[in-house]
**Q** 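Got a structure for you, questions after.
To find a chain, count down the sequence lines: A is the first, B the second, and so on, and within it residues start at 1.
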Amino acid sequence: MEKQFDPKSFEPRWREHWRGLFAAEAPSERSSFVIMIPPPNVTGKLHIGHALQTALQDLLTRWKRMQGYNALWLPGTDHAGIATQLMVERQLESEGTSREELGRERFLERMWAWTAQYGDNIRQQLERLGASCDWSRERFTLDEGLSRAVREAFVRLHEEGLIYRGEYMVNWSPVLDTAISDLEVETRTVQGKLYYVAYPVEDPDRAGAEPERVVVATTRPETMLGDTAVAFAPGDPHYAHLEGRHAVLPLVGRRIPFVADPAVEAEFGTGLVKVTPSHDPADFEIARRHGLPAIQVIDRRGRMTEAAGEELAGLDRFEARQKVVDRLREGGHLVKVEDYVHNVGFSDRSGEPVEPLVSTQWFCDVSGMAERALEAVRSGALTLVPPTYEKTWEHWLANVKPWCVSRQLWWGHRIPAWYAPDGRVVVARSEEAAAEKAGTRELRQDPDVLDTWFSSGLWPFSTLGWPEETEDLRTFYPTDVLVTAHDILFFWVARMVMMGYHLTDRSPFHTCHLTGLVRDAEGQKMSKTKGNAVDPLELVEEYGADAVRFTLTILDSPGRDIPLDPERMAGYRAFGNKIWNATRFALTRLEGSDARVLPELGPEGLAAPERWILSRLSRSAEEVSERFAALRFDEACNRLYHFFWGELCDWYIELAKPPLLGRQSADERPRVGEVLLSVLDRSLRLLHPVMPFLTEELWHRLPGREAIHPQTIALAPYPERRPDWEDADVEARMGALIDAVTRVRSLAAELGVRRGQDLSVHLWAEPDGDPGLAAFLEEQKTVLEWLCPTGDGGAVELSPAPAGASRDLVAGVNLGLVALAREPGAEERERLVGELGKLEAEIGRTRERLANRQFLDKAPPEIVEGNRRRLAELEERRERLAAGRGAR
RNA sequence: GGGAGGUUAGCUCAGCGGUUAGAGCACCUGCCUUACACGCAGGGGGUCGUGGGUUCGAAUCCCCCACCUCCCACCA
C-alpha cells in the first residue's frame with residue numbers, strides 16, 4: 001500500500017462497481033426510505049450548492065440502505081424553462097438568427113437537441129460525487145409521463161375553478177418578453193429621483209384666467225402619458241375641492257378626473273398621486289375602483305407605444321423618461337426634482353427593472369391549498385429543519401396571492417387550453433378531448449407554457465407515475481426527506497406541499513432539511529460574475545470526492561450559510577489519509593497472521609484496551625446514528641472524526657502496538673488482531689455514508705469482510721450500538737490511564753526532557769480512589785512503558801516517587817517524574833507557578849460555592865457532591881504540585 | 001415598514017442553565033519514533049458584542065441598545 005492515499009486511483013473503479021447496485025425494489029417487503037432529488041437544470045452544471053445537497057442526500061440514502069431499508073434516491077433533471085431557453089436564444093443570436101425567425105417548431109427541435117447534448121452531464125457529475133441514485137428511475141420534467149401529470153393537474157385544478165384565465169396586472173420582463181411570478185421579482189433599493197410635476201386644473205368658471213395648478217410626485221414621469229386620473233386621499237382637506245373636477249394632462253392635453261381613493265397617503269409627497277392604470281399595480285386597483293380607462297404607453301419589450309405620442313413611440317422606456325422630463329421642463333410643468341431612494345422590482349433572471357403590465361394570463365388560486373400547507377407544519381405532519389423556517393413559512397403562506405402560471409415562452413409544458421374559432425376556451429387533457437368538448441377540430445392551442453415550478457411542484461409524485469396508481473407510487477409515496485437550499489422554500493417546497501396535499505391528500509415528504517448557501521472562505525456569496533464560484537468537480541479533482549463530501553457535510557450546521565475554505569478541505573483530505581494509514585498499519589502488521597474481521601465478537605476474555613475500544617465504538621455508533629436521524633450532520637461528522645482520529649488512531653492503535661510488535665504476549669492481550677480488524681471494519685462502515693469511496697476501497701482489503709457482505713460495503717449493515725460492548729469501568733480506568741499518560745508527557749515536556757532522554761516515571765493510584773486502579777495499572781505496565789517517554793535508561797515504576805520528583809495527581813493517578821539528566825529550566829518553574837495560580841483560583845471559586853448556603857440548599861445534590869469531590873481533588877493536586885516544586 | 005437570524009480563540013464555526021467554554025485551520029516549541037510530515041508529542045491564545053434583569057449558578061433564559069446578514073412588503 002502507498003504511504004499516501006490517492007483518491008483518483010480508486011474512485012473510478014468503485015463508480016463502476018456501484019453501477020446498477022442501487023435500484024430500489026417495488027413492491028417490497030421492506031420499509032422504504034425515499035428521497036427525491038431537487039432536479040437540477042438539465043443543461044446546467046452542478047454548482048457547489050448541489051454538491052452539498054448531493055452529499056447530504058447520499059449520506060441519508062446510504063445510511064438508511066445500510067440499515068436495511070428499501071432505499072430509493074430518485075434522480076432527474078428539470079427543463080428550467082427560462083434559463084434554458086435563454087441559453088439557446090443566446091446561441092441563436094451569435095449565429096445571427098432568433099427564435100422568432102426559426103419558428104416555434106424548429107426552435108423546439110433546437111432545444112431538444114441542446115438538451116440531448118447536455119443530458120448526461122448532470123448524471124456524470126452526480127456519479128463523480130458518489131451519488132447512489134437509482135438511475136433506472138431517472139426522470140426529466142418534460143418526459144411524457146411527467147407531462148401527462150402536468151396536464152392532469154392543470155385540468156383538475158381548472159375544473160375545480162382554482163386555475164383561471166384573466167386580465168390582470170402582472171410583472172413583466174421586457175428582456176425575457178414574458179410574465180413572471182411575484183417570486184421571480186427581486187426588490188432592490190436604488191438611488192432614483194422624485195419628479196414633481198404640475199398639472200393644471202380645469203376650471204370652466206374661470207376660463208381664460210390663469211388656472212389652478214396641482215403638483216404630483218412621481219418616480220416614473222414617462223408613465224404620465226398614460227395617466228387617466230389624479231387621486232387624493234378621501235377627506236384630505238387640501239384637495240376636497242377637486243372632487244368631481246378634472247386636470248389637464250401636460251404634454252398630452254387629456255382631461256383626467258380627480259378621484260378620492262384610500263390607497264393614497266395624504267402625508268406622502270404632495271398628497272396627490274397620478275394614476276397610470278396600465279403601468280402600476282396600485283394604480284390598476286385605483287382604476288378598477290373608479291372605473292377609469294387604462295392607456296398602455298409601454299409595450300412588452302419596454303418601448304413606448306403609439307399611445308405615447310408620435311415623438312416617443314418606439315423609444316425605450318428609460319430614454320423616454322429623459323425626453324418627457326425635458327419636455328415638462330420646457331413647458332414649465334416640472335416643479336422640482338429630488339434625489340430619492342426607493343425600491344424597484346427587478347427580474348431576477350434577466351436583471352432589468354420589471355414593467356408592470358396588464359395582460360391576459362393563467363392564474364392559480366393557491367389560498368385554499370396554503371391552508372393545508374400551514375396546517376401540515378403546525379400539526380407536525382411536516383417538519384422543517386431547522387425549525388426557524390416555520391415562521392417564514394407561516395408568514396408567506398398566510399399571505400399568498402394568486403400565482404401567475406403562464407409564461408410567454410416556448411420551452412416548457414404547453415398550457416392544455418384550446419381556443420375555438422368562436423372564442424370559447426376549452427381546457428382538456430389532450431387535443432382530442434378538447435375537440436370533443438368543443439365540438440370542433442378547428443382549435444388553436446394556447447401558445448404559452450407553464451411556469452417551470454408548476455411541474456416541479458408535482459415532482460415527488462409525478463416521477464412515480466401519478467396519476468396512475470403505479471406500483472412505484474404505492475411503494476415509495478409519500479417520500480421521506482427533502483433536502484434543498486433555503487432560497488427555494490417558496491418557489492418549490494411550498495408548492496410541492498400544496499400540490500401534494502391537493503392532488504394526493506398527503507404531504508409529499510415528512511421532513512424538509514433546508515441547507516444554507518455555500519459561500520466562499522470570506523463569506524461572500526459565490527457567483528460567476530464575481531469569479532469566486534468554485535466548481536465542485538475541480539474540488540473533487542484536487543481533494544477527492546470523499547474530502548469534498550466530508551467538508552460540506554461537517555459544515556452543514558442548522559440555519560447557517562456555509563463558508564467554504566479550501567484549507568479546511570485539505571484538512572479533511574488529511575483525515576482520509578489518516579484512515580488510509582490506520583488501515584495500512586493493521587494490514588501490514590497482520591500480514592501473514594490469520595486474524596480476520598469477525599462478523600460477531602464480544603468483549604469476553606479480552607484485555608482492557610480491547611474492551612475499551614469496543615465500548616467507545618458502541619457509543620460512537622449510537623451517537624452517529626442518533627445525530628444522522630436528527631439531521632445534525634455536522635455533529636455526526638464531528639463524532640466520526642473524533643472517534644476515528646482521537647480515539648482509534650491516537651490511542652487504540654498505540655495501545656495495540658506492544659502486542660502487535662511482539663512486546664507483549666498474546667496471553668496478556670488475546671485476539672488483538674481480530675479486534676483491530678473488526679473495529680476498522682465497523683469504523684469504515686460508520687464512515688461509509690459520508691466517505692463512500694475510501695471506505696469501500698479499504699474495506700475490500702480487510703481479510704474476512706466477505707462474511708459481512710460479499711459485494712460491497714454499501715450493502716453491509718450499519719453498525720449499531722452494542723450494549724454488551726459497553727463497559728463504564730473499563731472506560732473510567734482507561735480514561736485515567738490516558739489522562740495520566742498525557743500528563744506525564746506534558747510534564748516531561750515542561751521539564752525539558754527531549755525525546756530519547758532518560759526519564760523515570762512513577763505512577764501509583766491515589767489510596768482513597770478506585771480500589772481496582774492499582775491492580776489495573778499493574779496489568780497495563782507494558783502498555784504504560786510503551787506510551788510514556790522514558791528513554792532507554794528510564795523506566796516506569798508503579799510505586800510512589802522519591803522526594804524531589806515533579807509530581808501531579810490526575811484522574812486518581814499520582815505521578816512523579818525524575819529526569820535522570822537534566823538542567824532545571826526557568827521555563828518549567830514559570831509554568832509551575834502559573835499552574836499553581838490557576839489551581840488556587842479555582843480552589844477559591846469552588847470553596848466559595850460550597851460555602852454558599854443557597855447553593856447547598858437549592859442546587860441538585862449531585863452537583864453539590866461533584867463540587868465537593870472536585871475540591872478535594874484540586875487540593876490534592878495543589879499539594880502534589882507544590883511538593884514537587886518545593887523539592888527543587 | 002414588518003419578520004428572521006447572527007455577534008464565542010487570529011480565521012471559519014460548534015456549544016444554548018450546572019463544575020475547568022470546544023473543533024478545524026492558523027500560530028509557537030520539539031520531533032522524519034518501522035501506519036501516516038496530508039504526520040507525532042507538547043503549548044500559547046477567549047472579561048462568549050454593550051448594558052440591565054431572572055437564578056444558588058448565565059455564552060446558555062428575559063429585556064434594552066449597537067452593529068452585521070437574509071427574507072418579506074404597491075407610500076407615488
**Q** Counting the atoms with a prime plus P, OP1 and OP2 as sugar-phosphate, which does A:Tyr340 contact under 4.0 Å by heavy atoms, base, sugar-phosphate, or nothing?
**A**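 Sugar-phosphate: the residue A:Tyr340, judged by heavy atoms under 4.0 Å, touches backbone atoms but no base.
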**Q** For A:Glu848, I'd like to know if atom CD has over 12 heavy atoms of other residues, nucleotides or ligands within 6.0 Å.
**A**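 Result for CD/A:Glu848: open.
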**Q** I'd like to know whether the aromatic ring centres of A:Trp645 and A:Tyr641 sit less than 6.0 Å apart in this structure.
**A**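 Yes: the rings meet the under 6.0 Å criterion.
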**Q** With a non-hydrogen cut-off below 4.0 angstrom, is A:Arg220 in contact with a base, only sugar-phosphate, or nothing?
**A**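 Nothing, no heavy atom under 4.0 Å.
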**Q** How close or far is atom C1' of B:A76 from atom CZ of A:Phe268, stated in whole angstroms?
**A**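 The answer, rounded to whole Å, is 6 Å.
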**Q** For the atom pair CG (A:Leu677) and CG (A:Leu587), what is the distance rounded to the nearest 0.5 Å?
**A**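 With rounding to 0.5 Å, CG (A:Leu677) is 7.0 Å from CG (A:Leu587).
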**Q** Determine whether more than 12 heavy atoms belonging to other residues, nucleotides or ligands lie under 6.0 Å from atom CD of A:Gln191.
**A**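 Check passes, neighbour count above 12.
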**Q** Which nucleotide in the list B:C71, B:G43, B:A23 gets nearest to the side chain of A:Asn638?
**A**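 Between B:C71, B:G43, B:A23, the one nearest the side chain of A:Asn638 would be B:A23.
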**Q** Decide yes or no for A:Arg755 and A:Pro789: does some side-chain heavy atom of the first lie under 4.5 Å from some side-chain heavy atom of the second?
**A**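 Heavy-atom side-chain distance check fails, nothing below 4.5 Å.
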**Q** Considering only B:A76, B:U55, B:U19, which nucleotide approaches the side chain of A:Asn867 most closely?
**A**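 Among B:A76, B:U55, B:U19, the one nearest the side chain of A:Asn867 is B:U19.
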**Q** What does A:Arg632 touch in the nucleic acid at a heavy-atom separation under 4.0 angstrom: a base, only the sugar-phosphate, or nothing?
**A**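 If one applies the 4.0 Å heavy-atom cut-off, A:Arg632 turns out to touch the sugar-phosphate alone, with no base involved.
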**Q** For the side chain of A:Ala749, counting heavy atoms from C-beta on, which of B:A4, B:C56, B:G42 is nearest?
**A**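 Within the option list, the nearest is B:G42.
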**Q** For residues 834-866 of chain A, pull every pair meeting ring-ring contact (aromatic ring centres under 6.0 Å, His included), keeping only residues two or more places apart or in separate chains.
**A**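 Every candidate ring-ring contact (aromatic ring centres under 6.0 Å, His included) pair involving residues 834-866 of chain A fails, so no pair, neighbours aside, qualifies.
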**Q** Scan A:Glu567 against the nucleic acid and name what it touches under 4.0 Å (heavy atoms): base, sugar-phosphate only, or nothing.
**A**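 Counting heavy atoms under 4.0 Å across all strands, the contact made by A:Glu567 is with sugar-phosphate only.
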**Q** For A:Phe575 together with A:Phe550, are the ring centres under 6.0 Å from each other?
**A**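 They qualify: ring centres under 6.0 Å apart.
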**Q** Are there runs of at least three consecutive Watson-Crick or G-U pairs touching RNA chain B, with each pair's two distances under 3.5 angstrom? Give them by first number.
**A**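 RNA chain B stems, ordered by first number: B:1-7 with B:66-72, B:10-13 with B:22-25, B:27-31 with B:39-43, B:51-53 with B:61-63.
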**Q** How would you label the contact of A:Pro356 with the nucleic acid (heavy atoms, under 4.0 Å): base, sugar-phosphate, or nothing?
**A**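 The answer is nothing, as A:Pro356 stays clear of every strand by at least 4.0 Å.
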**Q** If I pick the P atom on B:A4 and the same atom on B:A76, what distance separates them, to the nearest angstrom?
**A**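 B:A76 and B:A4 have their P atoms separated by 24 Å.
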**Q** Base, sugar-phosphate or nothing for A:Val264? Non-hydrogen atoms, less than 4.0 Å.
**A**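 Result for A:Val264 = base.
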**Q** What does the B/S/- profile of nucleotides 29-38 of chain B look like, 5' to 3', with a 4.0 Å heavy-atom cutoff to protein?
**A** -SS-BSBBSB
**Q** Taking only the side-chain heavy atoms of A:Tyr641 (C-beta and beyond), determine which of B:A76, B:G24, B:A41 contains the nearest atom.
**A**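 For the A:Tyr641 side chain, the nearest candidate turns out to be B:G24.
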**Q** Does A:Glu647 use its side chain to pair, donor to acceptor, with the backbone of A:Phe644 at less than 3.5 Å?
**A**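 Not a single qualifying donor-acceptor pair exists.
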